[in-house]
Amino acid sequence: MLGKKSIRINGADCGVEALILGAITAIGGFLFGYDTGQISGMLLFRDFKDRFGQQDTPEGRDFIPIIQSLLVSLMSIGTLLGALTASYTADWWGRRKSLSFGVVLFIIGNIIQITAVSSWVHFMMGRFVAGLGIGNLSVGVPMYQSECSPREIRGAVVASYQLLITIGILVANCVNYGVRSIEDSPASWRIVVGVGIACSLPLGLGILMVPESPRWLAARSRWEEARMSMARLRGMKNDKHNDLVEDDMREMREILEKERAVGLGTWGECFIPRPNGVPKQVYRTALGIAIHFLQQWTGVNYFFYYGATIFESAGIDDPIRTQLILGAINVGSTFVGLYVVDRFGRRVPLLIGALWQAAWLAVFAAMGTALNPEENEASGIVMIVSAAMFIASFAITWGPICWVVIGESFPLRTRAKQASLATAGNWLGNFLISFLTPLATAGIQYSYGFVFVATNLAAFVIVYFFLYESRALSLENVDAMYAQPQLKPWTSASWVPEGYITRLQRDEEYYSQRRHAYAADNDLNDDGTTAVPSGRPSRAAAAAKKEDDLARESREEKVNRAV
């Protein structure tokens with residue numbers, strides 16, 4: 001039965017259910033990627049253009065740039081609104097039911113698209129409704145994964161969201177490639193949309209079979225349910241008072257009690273500094289929005305939304321096949337990203353990725369501008385190679401790591417709201433890319449790539465000066481790190497939380513003394529049950545302080561030895 005087994009990962013116990021949870025929720029990323037990838041090929045299908053196009057050409061009907069922009073980009077407006085409302089559904093109904101709600105919206109939007117006959121507005125509104133669902137999932141999935149995953153595997157689990165995004169894009173490209181032989185039939189684009197519905201069902205149903213977020217349960221004082229959820233995620237369903245579970249619960253309880261002392265979080269405090277005890281709250285809001293906005297403005301969806309159209313205009317004989325190759329590179333490189341995010345952290349890969357992406361975009365834009373690829377085969381080849389190198393870097397660094405950052409950077413007090421705002425920043429950037437690209441390429445063509453060179457350099461600057469390294473820290477200790485007044489982002493990787501020798505190695509002596517002090521102070525038996533009625537005066541307050549002081553001195557000696 002689920003919950004009875006644990007697996008040792010990075011030296012700690014992780015439950016099978018935590019891995020299953022990660023796999024099921026990552027399907028939300030697949031839907032995101034599939035919906036992103038499908039439109040690029042559909043814009044080239046003959047039946048799709050004949051039904052929804054506006055201008056007549058010798059080859060048949062086609063889209064004018066502004067309508068093409070709206071058809072692609074209105075989905076991003078839907079996702080932006082879905083991301084903002086996800087904070088409410090995630091807090092009201094819980095993380096799991098909120099994700100099921102997002103799947104329902106996605107299915108309704110796809111049904112609207114399939115039933116479109118000749119009106120581009122009808123099809124566009126279907127993309128808008130589907131976008132509401134995708135926006136909901138894009139907030140809920142990383143947040144739920146971060147709150148449920150043991151810290152030892154959190155980076156890889158949340159990064160799997162981006163992996164499934166890349167797989168979704170690749171599958172969309174494969175489906176587009178497979179149905180292009182019937183592009184004169186309405187079945188071509190309707191099959192593409194229908195596959196998305198089928199792929200959404202495992203998420204909508206499967207999510208109800210895994211544990212609810214222990215942090216969401218704890219925030220509502222449902223402590224026993226939170227403990228059981230934590231135990232299941234650690235693979236200790238039948239040992240819910242295990243020391244490892246107790247330590248995780250204690251860290252979560254201490255932070256939550258501090259936040260409760262100053263009341264519930266509001267939208268206002270995400271933007272207006274207040275003395276509420278939460279460190280760098282507005283700072284983290286702005287940082288999350290900036291990083292996710294810039295994730296889109298690295299230029300990745302310049303290729304995924306319009307890649308087939310770009311390469312067709314560059315004279316490539318089979319643009320959909322080229323898009324398929326780029327999608328495969330995207331998937332393969334993201335597997336590398338799953339290793340990188342937990343091995344090298346967040347800051348260094350993001351910094352290297354921004355510079356690498358800027359360099360290859362400069363090559364892409366310079367080659368396309370200097371030598372017309374329609375007349376120079378070598379120019380087209382170099383542009384494809386440049387696009388491939390750019391996508392490989394994005395898939396290893398900015399693609400997965402930005403979702404990890406959004407999942408672990410915010411305090412529980414306002415986590416849902418700040419995650420919604422950061423994801424809304426992502427979708428705002430997505431909308432601007434999808435709307436402006438046809439207009440920009442019609443005016444300045446491949447020089448548009450130089451804009452992305454500049455935004456990647458800006459991303460480098462923001463990460464270097466403002467992003468703290470959160471690798472291997474619990475969500476509660478991320479808050480503790482941001483509370484250090486003298487700590488700078490560029491030195492944050494060396495910070496170790498209290499009770500640890502290194503970020504991956506607990507000080508067992510420290511935690512043993514804390515457990516004994518906590519049990520005595522709260523009159524607990526060895527199995528964690530209350531020994532006397534609550535409210536009895538503490539018998540161990542002074543002893544607890546003395547043991548904490550001794551543990552801290554011992555820890556400092558161990559840290560020095562480890563260093």
Side-chain angles (χ1 to χ4, degrees), residues 10 22 26 29-30 32-33 36-37 138 141-142 145-146 149 153-171 173 291-304 307 323-364 384-409 426 429-430 449 452-453 455-464 467 469-472 493:
N10 286 346
F30 178 90
F32 178 173
T36 298
S138 67
V141 169
Q145 289 176 327
S146 295
S149 301
I153 62 170
R154 188 179 66 235
V157 169
V158 179
S160 70
Y161 180 73
Q162 176 65 26
L163 172 63
L164 268 290
I165 291 177
T166 66
I167 293 176
I169 293 172
L170 177 61
V171 171
N173 291 334
I291 286 179
H292 266 265
F293 181 85
L294 287 169
Q295 187 206 43
Q296 291 299 309
W297 275 88
T298 56
V300 64
N301 280 334
Y302 171 57
F303 295 105
F304 286 134
Q323 195 77 342
L324 188 61
I325 293 171
L326 295 180
I329 293 172
N330 193 26
V331 172
S333 300
T334 304
F335 280 102
V336 180
L338 297 184
Y339 170 78
V340 166
V341 67
D342 275 336
R343 176 64 180 83
F344 299 103
R346 289 45 161 162
R347 280 177 52 85
V348 172
L350 288 176
L351 292 172
I352 294 174
L355 294 179
W356 182 264
Q357 289 153 199
W360 283 107
L361 283 166
V363 172
F364 177 91
I384 292 175
V385 171
S386 300
M389 298 300 289
F390 164 84
I391 288 172
S393 173
F394 179 87
I396 294 172
T397 59
W398 278 80
I401 295 177
C402 286
W403 293 109
V404 176
V405 169
I406 194 179
E408 63 189 16
S409 293
N426 184 288
N430 190 302
F452 299 120
V453 173
T455 52
N456 275 278
L457 294 177
F460 175 90
V461 171
I462 287 177
V463 169
Y464 184 82
L467 179 65
E469 180 55 71
S470 52
R471 172 180 174 263

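Please read all numbers here as calculations on a predicted model, not as lab measurements.
A donor-acceptor pair is defined here as one N or O able to donate and one able to accept, closer than 3.5 Å; such a pair exists between the side chain of T455 and the backbone of W297. Distance alone, capped at 3.5 Å, places no donor-acceptor pair between the N330 side chain and the L326 backbone. Formation of a donor-acceptor pair under 3.5 Å by the R347 side chain with backbone atoms of Y464 is found in this model. Proximity of a side-chain donor or acceptor of N430 to a complementary backbone N or O of N426 within less than 3.5 Å is not detected. Checked by atom type and distance alone, the side chain of W398 pairs as donor or acceptor with a backbone atom of L350 at under 3.5 Å. With hydrogens and angles disregarded, a donor-acceptor distance shorter than 3.5 Å links the side chain of T298 to the backbone of Q295.
Across every non-hydrogen atom of A395 and P400, the tightest pair is O-CD, 3.1 Å. For A459 against L294, the heavy-atom pair with the smallest separation is CA-CD1, 3.8 Å. For the residue pair L324 and L170, the shortest heavy atom distance occurs at O-CD1, 3.7 Å.
For the atom pair CG of L338 and CG of L163, the computed distance is 5.0 Å after rounding to the nearest 0.5 Å.
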Could you please spell out the steps behind the side-chain contact (heavy atoms from CB on, under 4.5 Å) verdict for I396 and T334? CA-CA 5 Å; I396 294 172; T334 304; over 6 Å; no
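Checked against a 6.0 Å centroid threshold, the rings of F390 and F364 do not count as neighbours.
For the 3.5 Å distance criterion, the side chains of S470 and E408 qualify, holding a donor opposite an acceptor.
Relative ring orientation between Y161 and W403 is described as perpendicular, the plane-to-plane angle rising above 60° on a 0-90° scale split at 30° and 60°.
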